[in-house]
Amino acid sequence: MNATAARDRPQPILIMHQVRGGYGDADILQGVSLTVMPQEIVVIVGPNGAGKSTAMKAVFGLVRIRSGAIVFEGEDITGWSPDRIVRRGISYVPQVDNVFREMTVHENLEMGAFLSKGDLSAAFDRIYALFPDLKAKRHALAGDLSGGQRQMVAMGRALMLDPKLLLLDEPTAGLSPKYMQQIFQICRDVRDLGVSILLVEQHAKQALAFCDRGYVLATGANRHEGSGRELLDDPEIAQMFLGG
Amino acid sequence: MKKKILASLAALTLGGMLTNVPVMAQNAKVAYLVGITGPIAGLAPTMVQSMKFAAEQVNTQGGIGKGGKIDYSVYDSGCNPQLATDAATKAVNINGAIGMVGPSCSGEVIAVANSVTVPAGVLLITSSGTSPKISTLDDKDLVFRTVPSDDYQGRALARTLKAHGTDKVAMTYLNNDYGLGLAEAFSDEFKKLGGTITASRAHEDKKPSYRSDLAELAKGGADTLVIFAYGNSSGLTIVRQAMENGFFKNFIGADGMRDESVIKALGDENLKNYLVSAPVGATGAGFEKFSKEFKAAGGDPNGTFAATSYDASFLMALAIEKAGGDKAKLSKALREVGSGQGEAILPGEWAKAKQLIAEGKPLHYLGASGDLHFDEHGDVAGNYALYKVSGNAFVEVEKIK
Amino acid sequence: MASIGLINYATFMGTMIGIYGILALGLNVQWGVTGLFNAGIAGFFAVGAYLSALLTAPPSPERIMGWELPVAFGWLGAMAGAALIAWPIGRICLRFRSDYLAIATIGVAEVIRLVLRTEESLSGGARGITGVPRPFGGFEYSLSQFAYFALVIAVLLLVYWALERQLAAPWGRMMKAIRDNEQAAAAMGKDIAKRRLEAFVLGAAVMGLAGALYVHFMRAITPEAIDPMISTFLVWIMLILGGSGNNRGAILGAVIVWLIWSMSEFVTDQLPADVATQAKYIRVFLIGLMLQLILRFRPEGLLPEESGQRTSYRSPPSSR
Amino acid sequence: MIEFFNFYVVPGIVTGSVYALGAIGITLIFGILRFGHFAHGDLATTGAYLALGATALLGLTPWVALPVAMILTALLAYGIHRLFYRHLESRPKILTVMASLGIGMMLRSIVQVVWGVDPLAYGSGIARAQSFGGLMLRPREIATLALTLALVAALLAFLRYSKWGKAMRAMSDNPDLARLCGVNNDQVTRLTWFIVGTLAAASGFCLGINTELTTMMGWSAMLSMFAAAVLGGVGRVEGAVVGGLVIGLAEELSVLLVPSPYKSATAFVILLAILLLRPQGIFKGKVL
Amino acid sequence: MLELEGIVMAFGGFHAVDGVTLSVEKGQVLGLIGPNGAGKTTLFNVIAGAYTPTAGTIRFLGEDITRLRTDERFHKGLVRTFQIPHEFHRLSVLENLMVVPPRQPGENLFANWFEWGKVRRVEEEVRQKAIEVLAFLELTHVANERAGHLSGGQKKLLELGRTMMTDAKLVLLDEPAAGVNRTLLRKLEEKIQILNREWGYTFILIEHDMEMIAKLCHPVVCMAEGKVLTQGEFLDVRNDPRVLEAYLGETVTEERA
């Protein structure tokens with residue numbers, strides 16, 4: 001059971017190399033490295049305050065990067081502005097405030113395709129196929145939806161531009177187990193459409209069980225990496241979360 | 001701290017002072033304080049123009065004393081006491097003005113007189129401060145005005161209306177000292193004569209609509225509306241809205257409403273029943289002469305306070321000539337030229353006046369705005385006329401008292 | 001002659017600067033130290049001016065009061081009156097966020113102006129109050145001006161000293177703490193609403209005092225004196241230019257802005273006659289432009305707020 | 001009864017339309033750029049005078065001059081943003097609020113220098129009303145209402161259906177997320193200023209054509225416009241319209257209750273009440 | 001000492017704290033752990049008075065304080081720190097401490113004028129105390145720095161220092177270790193222990209650093225999804241399968257089978 005062998009592909013879609021950085025003066029990231037291969041679901045787990053979300057935001061240009069590099073499909077995107085990164089094919093779903101509450105579901109999706117100039121009907125068909133629940137609610141205000149539905153709106157919005165890489169920041173936070181499984185299932189469906197996914201998860205066990213590969217971060221640096229199964233079975237990981 | 005202020009003051013004022021060094025020692029320095037900015041800014045340009053016009057006439061007809069000139073400076077008083085006292089202080093202390101024409105609004109006149117000119121012994125003639133309070137200032141006989149106190153005009157208008165058979169009027173007035181003064185005098189006199197004021201309302205200026213006010217005013221059933229406001233401000237809006245909505249048939253105003261803005265905005269064809277009172281010379285000769293000459297110089301003689309401003313400026317020159325340029329004698333000199341005794345001088349007759357003064361003969365000034373006999377308060381009695389609109393101008397209908 | 005005139009003018013300017021300096025100090029208590037956006041300075045200024053006038057002026061049949069009290073009572077009354085008016089206003093308005101507080105206080109000043117202008121029996125209405133006595137008013141002009149100037153400067157220095165002392169005391173430290181971090185200050189047991197109200201009322205009282213000094217200088221007051229441009233925005237510009245949070249900055253700002261405001265007339269006088277009238281408006285434009293430039297290039301003002309050292313008014317502990 | 005409509009309701013609605021057009025601008029700036037724009041009244045004044053300038057210089061009739069003025073004012077609004085406000089974007093918002101107070105003064109003095117301070121009018125003469133079953137309306141009043149309706153409808157449609165309109169709403173709703181969607185902050189800001197300038201010009205023009213043009217008219221109307229914006233709910237265009245009409249009517253009707261000089265205080269009292277009792281306004285706007 | 005009974009804190013439909021009942025005894029250092037979003041900080045805010053709970057009562061020293069404002073609770077000896085340091089950034093470090101003591105006579109608007117002697121005396125006491133606290137925290141060298149210029153770790157110490165400036169009975173520490181380097185962390189632990197043992201402070205501590213929890217806390221309470229999951233000794237809590245589940249998520253059996 002060698003995970004790297006099972007998923008051996010020549011060209012990673014995303015490489016994060018020894019990234020240090022943070023907000024203001026403090027460096028939250030103390031050297032984070034990770035890679036994402038095409039059509040792969042990669043999860044970042046780790047104890048609270050490990051810098052998981054910050055690492056993800058660094059990919060999307062929302063964090064000041066002091067050193068290190070971020071390479072997407074062979075191109076160095078370190079320090080790019082978010083809208084340029086969106087155009088380049090990466091979408092990001094923040095953990096909170098990830099929908100336009102005063103706009104309808106349909107308009108939220110439209111905003112996702114803001115940078116697209118073409119006809120959106122195909123994109124809408126694709127998203128509504130992925131999220132049949134949303135189609136029924138398309139004219140409802142996003143602010144009136146339940147948490148799980150909002151998460152779907154947020155994901156749908158991120159997928160409107162047909163990105164190659166989707167970044168999800170704790171997509172299951174605060175959701176019931178039923179929704180959690182649904183979200184994970186959607187992630188798989190999305191991957192099967194050819195999109196790579198990098199996600200940060202609080203629910204480490206479920207996430208590691210469903211992902212292809214995982215990274216464990218602690219205090220802003222890599223601690224472990226491996227296939228989801230490997231990490232799940234590693235007793236050290238549980239220790240890390242609860243100290244000792 | 002104080003030293004620092006004074007030092008920086010000295011440094012900064014130097015520039016201003018140097019540029020104001022008198023050209024000739026005999027020049028007489030006069031300050032014109034007008035509310036160029038602020039609420040009566042609309043009236044200011046004409047006032048300034050007529051003041052300057054008077055000074056230019058003096059200067060072109062021999063000037064002051066032996067080869068001197070009226071050296072005037074215009075200051076913005078902003079119709080605001082802080083600004084006016086600042087300007088007056090500059091005028092008196094930096095420029096060395098010995099006489100002041102203005103400031104424009106009654107509040108400023110009071111503040112300037114109290115804190116600058118009276119203490120400094122500077123003669124002040126306002127051409128537009130109409131508040132009765134100016135009469136009673138403790139002014140060491142240094143505060144005069146060429147515009148009658150509102151009291152006279154309001155009463156004269158009331159008497160005239162009553163005499164013309166109007167028994168019932170509604171009244172609206174601007175909520176300032178001008179509007180209030182007129183309204184009080186008018187309603188007091190009108191009621192005394194047995195007339196009825198069906199409704200009386202103060203208003204604030206600068207509101208976009210007065211129709212509800214008008215509706216309230218009209219409830220009493222009067223078909224004449226008396227408006228004490230300015231014709232380039234709320235007065236215009238009120239007349240327009242009253243006409244457009246069919247409130248009232250006749251409109252009566254005081255001098256503030258004798259503003260060409262009204263004709264320009266509403267058209268003379270709509271102003272058949274629009275009558276205004278305004279101060280006028282007893283004979284009318286003064287105004288006619290002024291009117292002709294000022295018009296030729298590009299001015300609007302009918303502009304509100306144009307005539308009074310001219311008179312104030314001209315009187316100041318006469319007083320200076322009479323006093324021989326001595327600041328301390330100005331007040332006495334002004335009383336002499338405004339006494340009604342001696343040979344009459346009409347607007348613009350500077351050369352003649354100069355001659356008479358040189359000969360030591362008595363004279364008195366029959367001004368553009370009236371005969372200008374000062375009473376013990378330094379006020380002038382009002383001579384007024386009623387004006388109607390004809391063509392693009394106000395024309396006199398009759399004299400009123 | 002010219003030098004006497006110059007001194008007279010300087011004395012007048014100094015007096016006005018002193019009065020505006022006090023206004024700016026009052027605003028500094030509210031904005032600089034506590035962070036309250038009061039755009040209704042004119043209102044408190046007017047309350048102080050009118051009240052002091054009513055207490056000290058001779059009686060008049062058309063309005064109330066006119067008690068002919070000594071001027072000192074007028075000043076104290078002005079402070080107390082402005083504070084009393086500020087109290088309910090602060091109770092209601094201080095909970096708003098800054099933009100709303102600004103518009104609310106503009107409205108308050110407007111209502112105060114309307115009341116003073118309309119209620120003749122209260123304030124003399126549109127005609128205002130005259131015959132207000134001036135200390136040293138009986139002296140000869142120059143001397144009287146100078147004596148009053150000295151008095152105003154003395155009051156300014158007194159207010160400056162008192163406020164410096166108040167701000168250096170634990171009270172001032174607490175107010176700055178509230179301004180810097182309201183949440184933490186609450187967690188440290190400070191009653192935010194009450195303390196802000198205190199600062200608002202204190203600032204208003206100082207503004208009321210400035211109004212009183214003004215009315216006795218002018219010996220009269222009319223509603224025109226409550227002009228938002230002259231009595232509110234000019235003060236703001238003074239404080240911002242001088243440096244909010246710094247009392248000396250407030251005074252410096254008053255000096256500079258009033259000098260520019262007053263002396264710019266000498267410059268506009270030099271323009272050709274046909275544009276001279278319009279040039280008076282350019283003064284207003286320049287003041288507005290000055291504000292833009294300060295905000296852009298030196299938002300902390302000429303004398304920025306000092307860090308803690310000065311307020312720990314004895315030698316720092318490390319040197320003990 | 002019909003008199004009540006003719007003399008209270010109709011003028012109230014006409015004035016209300018003016019306030020509404022101004023309040024929309026204030027509410028948009030509040031919602032999208034998150035500060036109170038205190039130069040708004042003077043921007044409206046400037047727009048009205050620009051229309052006057054267009055009638056004088058180009059010989060246009062007022063209603064044709066209006067679009068010209070709208071475009072010029074839009075450019076002016078953008079220029080002000082570019083020259084002054086933009087540099088303060090990263091600073092505390094309160095500095096921009098102060099700057100706008102200064103901008104208001106500057107605009108006013110420019111108008112006073114260029115056009116003087118005498119009241120001016122777009123045309124002379126008076127317009128008698130036509131009776132519609134007793135309801136007296138003047139053509140210019142009908143035009144004012146129609147213009148307001150048309151502009152509001154156009155704006156609402158723009159915000160609802162167009163891509164950039166949605167971007168503006170998105171920006172107002174959740175600026176961070178809008179940026180993540182690739183919405184260019186600067187472009188939305190620019191667009192907002194164009195729209196705000198256009199509406200301000202229309203507001204000033206309607207005020208001018210129904211009364212006279214004075215240099216202080218915008219400043220005097222600003223308190224009412226702010227009250228309207230807050231009353232309707234900050235960020236709510238439809239709220240600003242309703243708020244404007246309510247304030248306009250309330251001012252006219254206040255005459256029945258209090259002496260006329262206190263008319264100016266009506267808007268303030270309503271503003272204070274709404275801030276205290278329902279800060280989110282009628283239409284559930286933002287509570288900033 | 002502190003008793004929470006059925007505390008519910010709802011934001012709209014979302015129950016951030018969902019029926020927490022908990023009691024803290026005098027002299028304890030109670031550790032509050034749980035995954036992100038468990039409601040720990042919200043519970044702190046409720047205890048400190050930043051939020052009024054939707055339901056439930058808070059009793060402190062036998063008194064119902066549910067409706068009291070933050071500042072009123074402070075005066076009863078209930079003091080908190082913030083996860084993200086809330087220093088008074090334009091005041092000096094020394095002043096940051098000197099602000100804290102409650103009921104300083106100098107805070108009265110008029111006392112500076114009428115009771116100057118008293119003000120000065122108290123001020124001197126407060127200063128001495130602040131100097132002592134600075135020495136204790138080893139921050140003396142930055143006493144006159146603007147607090148805004150301190151490093152993140154120093155700000156954390158300052159947060160702790162502020163709790164020492166008053167007669168605190170119960171101190172709520174929100175993630176004192178976050179963003180603090182190792183050496184400073186040990187120092188922080190040591191200070192907390194001294195405060196607990198020698199000064200008699202009772203603590204409630206939210207912390208993700210399990211070493212710190214293990215070293216300091218007894219008992220440990222684990223929250224998840226707004227509820228108290230379990231409480232007891234650290235090792236027991238840590239080995240509780242439910243706690244592990246809360247942190248790591250449920251074991252997904254079908255995947256592992």
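Everything quoted here is computed from the prediction, not taken from an experiment. Lettering of chains follows the sequences in order, A, B, ..., and the numbering in each one begins at 1. Keep in mind that the numbers below use all heavy atoms, side chains included, and drop hydrogens, waters and symmetry copies.
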Consider only side-chain N and O atoms of C:Tyr141 and B:Asn93, and report whether a donor and an acceptor are under 3.5 Å apart.
-> yes
Interatomic distance, C:Asp227 atom CG to B:Asn80 atom CG [nearest 0.5 angstrom] | 5.5 Å
Atom of B:Ser115, atom of C:Gln145 and distance for their closest heavy-atom approach = O-OE1, 3.4 Å
Using a 4.5 Å cut-off on heavy atoms from C-beta on, say whether the side chain of B:Pro119 contacts that of C:Glu140.
-> no
Side chain, backbone, both or neither: which part of B:Ser106 has an atom under 4.5 Å from a heavy atom of chain C?
-> neither
Can you tell which of C:Gly18, C:Ser144, C:Ser231, C:Ala225 has the highest number of heavy-atom pairs within less than 4.5 Å of chain B?
-> C:Ala225
Nearest 0.5 Å, what's the CD1-CE distance between B:Ile94 and C:Met263?
-> 7.0 Å
Side chain, backbone, both or neither: which part of B:Ala202 has a non-hydrogen atom closer than 4.5 Å to chain C?
-> neither
Of the backbone (N, CA, C, O) and the side chain (C-beta and beyond), which part of B:Val116 lies under 4.5 Å from a heavy atom of chain C, both, or neither?
-> both
Can you tell which part of B:Gln49 gets under 4.5 Å to a heavy atom of chain C, answering side chain, backbone, both or neither?
-> neither
With side chain to side chain contact (heavy atoms under 4.5 Å, CB included) as the test, would you mind laying out the steps for B:Val112 and C:Met218 before giving the verdict?
-> CA-CA 7 Å; B:Val112 164; C:Met218 296 296 159; over 6 Å; no
Chain C contact via B:Lys90 - which portion, at a heavy-atom distance below 4.5 Å = both
Taking all non-hydrogen atoms of both residues, which atom of B:Asn176 and which atom of C:Arg117 are closest, and how far apart?
-> CB-NH2, 3.7 Å
What residues, two or more places apart in sequence or in another chain, satisfy ring pair (Phe, Tyr, Trp, His ring centres under 6.0 Å) together with C:Phe45?
-> C:Tyr214
Taking it one step at a time, do B:Asp86 and C:Trp258 satisfy side chain to side chain contact (heavy atoms under 4.5 Å, CB included)?
-> CA-CA 10 Å; B:Asp86 178 46; C:Trp258 188 266; 3.9 Å; yes
To the nearest 0.5 Å, what is the distance between CZ (C:Phe217) and CG (B:Asn114)?
-> 11.5 Å
For C:Tyr50, check ring pair (Phe, Tyr, Trp, His ring centres under 6.0 Å) against everything at least two apart and list the hits.
-> none
Exceeds 12 heavy-atom contacts within 6.0 angstrom, atom CG of B:Asp138 = no
Would you tell me whether C:Thr118 and B:Asn175 have side-chain atoms, one donor and one acceptor, within less than 3.5 Å of each other?
-> yes
Check C:Asn8 against B:Thr89 and note the closest heavy-atom contact, atom names and distance.
-> O-CG2, 4.1 Å
Residues B:Ile110, C:Arg219; criterion side chain to side chain contact (heavy atoms under 4.5 Å, CB included); working and verdict = CA-CA 8 Å; B:Ile110 294 166; C:Arg219 304 183 211 211; over 6 Å; no
Determine whether B:Leu83 and C:Trp261 make a side-chain contact, defined as any pair of heavy atoms from C-beta on separated by less than 4.5 Å.
-> yes
B:Gly107 to C:Thr222 - nearest heavy-atom pair and separation | CA-CG2, 3.5 Å
Count the heavy-atom pairs under 4.5 Å between each of B:Val34, B:Thr85, B:Leu174 and chain C, then report the option with the highest count.
-> B:Thr85
